[in-house]
Amino acid sequence: MGTARVRAHYDGRVCLLIILLLLGPRAVILVWWLLAPLVWDAAFGTLLVPILGFLFLPWTTLVYVLVVPGGVGGLDVLWLVLAFLLDVSSHVGVYGRRRRAVA
C-alpha cells in the first residue's frame, strides 16, 4: 500500500560527467574549480600547478584531484599513470598528424 519514496543524493558528479563527455576535460576543470574551489586548494595549495595542468595535462590534473583526498596509493597510481599516458598520447597525436599533412 505505501510506497517508500527514495530521494537520491545529488552531489553534482553527473553534471561533471556530462560536461566531460560533451566539452572535454578542460571544461570540467573550469566548472569544478568554480563550483568547489576548496577542493582544488586542498589538492594543490597553489594556483600555478592547476593552471599548468589545465594547459598541458588536463586528464592527469582531473584524476589527481579525484584521488588526492584519500591519499595516493594502490590503484590510484595506476589511474594517474593512465591519465598521464592519455595526455601524452593526445600531444603526440597532434604532432604526428601535422607531419603527415605536410608530406
Side-chain angles (χ1 to χ4, degrees):
M1 173 164 43
T3 58
R5 292 186 179 188
V6 178
R7 184 176 176 157
H9 176 68
Y10 178 75
D11 62 358
R13 291 184 185 172
V14 174
C15 288
L16 290 175
L17 179 63
I18 291 171
I19 292 170
L20 176 67
L21 293 174
L22 294 176
L23 301 175
R26 288 182 178 94
V28 173
I29 289 173
L30 183 64
V31 170
W32 195 3
W33 178 74
L34 289 172
L35 294 176
L38 294 178
V39 172
W40 289 82
D41 288 341
F44 295 107
T46 180
L47 190 59
L48 181 64
V49 175
I51 289 173
L52 291 174
F54 176 85
L55 294 174
F56 300 110
L57 301 170
W59 288 107
T60 307
T61 305
L62 278 177
V63 171
Y64 183 77
V65 172
L66 283 171
V67 301
V68 79
V72 178
L75 287 177
D76 297 339
V77 175
L78 175 68
W79 289 115
L80 284 168
V81 168
L82 290 174
F84 180 75
L85 291 175
L86 184 62
D87 284 329
V88 169
S89 68
S90 67
H91 290 296
V92 170
V94 169
Y95 294 120
R97 277 187 268 152
R98 286 185 187 169
R99 284 189 196 151
R100 281 189 224 131
V102 172

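Computed from a prediction, not measured in an experiment: that's the story for all the values here.
Residue pairs meeting the side chain to side chain donor-acceptor pair (under 3.5 Å) criterion with at least one partner in residues 43-53, sequence neighbours excluded, do not occur; the list is empty. Counting only residues at least two apart or in different chains, side chain to side chain donor-acceptor pair (under 3.5 Å) contacts with residues 18-37 are absent.
Under the side chain to side chain contact (heavy atoms under 4.5 Å, CB included) rule, S89 has a single partner from V92, L86, L85, which is L86.
Residues passing the side-chain contact (heavy atoms from CB on, under 4.5 Å) test with L23, sequence neighbours excluded: I19, A27. With sequence neighbours excluded, the residues forming a side-chain contact (heavy atoms from CB on, under 4.5 Å) with L55 are I51, listed by chain and number. The side-chain contact (heavy atoms from CB on, under 4.5 Å) check on L78 picks up L75, L82, with sequence neighbours excluded.
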Under 3.5 Å, side-chain donor or acceptor atoms of residues 60-68 against the rest of the protein: list the pairs with distances, not counting sequence neighbours.
{"residue": "T60", "atom": "OG1", "partner": "F84", "partner atom": "N", "Å": "3.3"}
{"residue": "T60", "atom": "OG1", "partner": "D87", "partner atom": "OD2", "Å": "2.7"}
{"residue": "T61", "atom": "OG1", "partner": "G53", "partner atom": "O", "Å": "3.4"}
{"residue": "T61", "atom": "OG1", "partner": "L57", "partner atom": "O", "Å": "2.7"}

Enumerate, atom names and distances included, each donor-acceptor pair closer than 3.5 Å involving a side-chain atom of residues 35-44, sequence neighbours excluded.
none

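Looking at heavy atoms from C-beta onward, I29 lies in side-chain contact with P58 at the 4.5 angstrom threshold.
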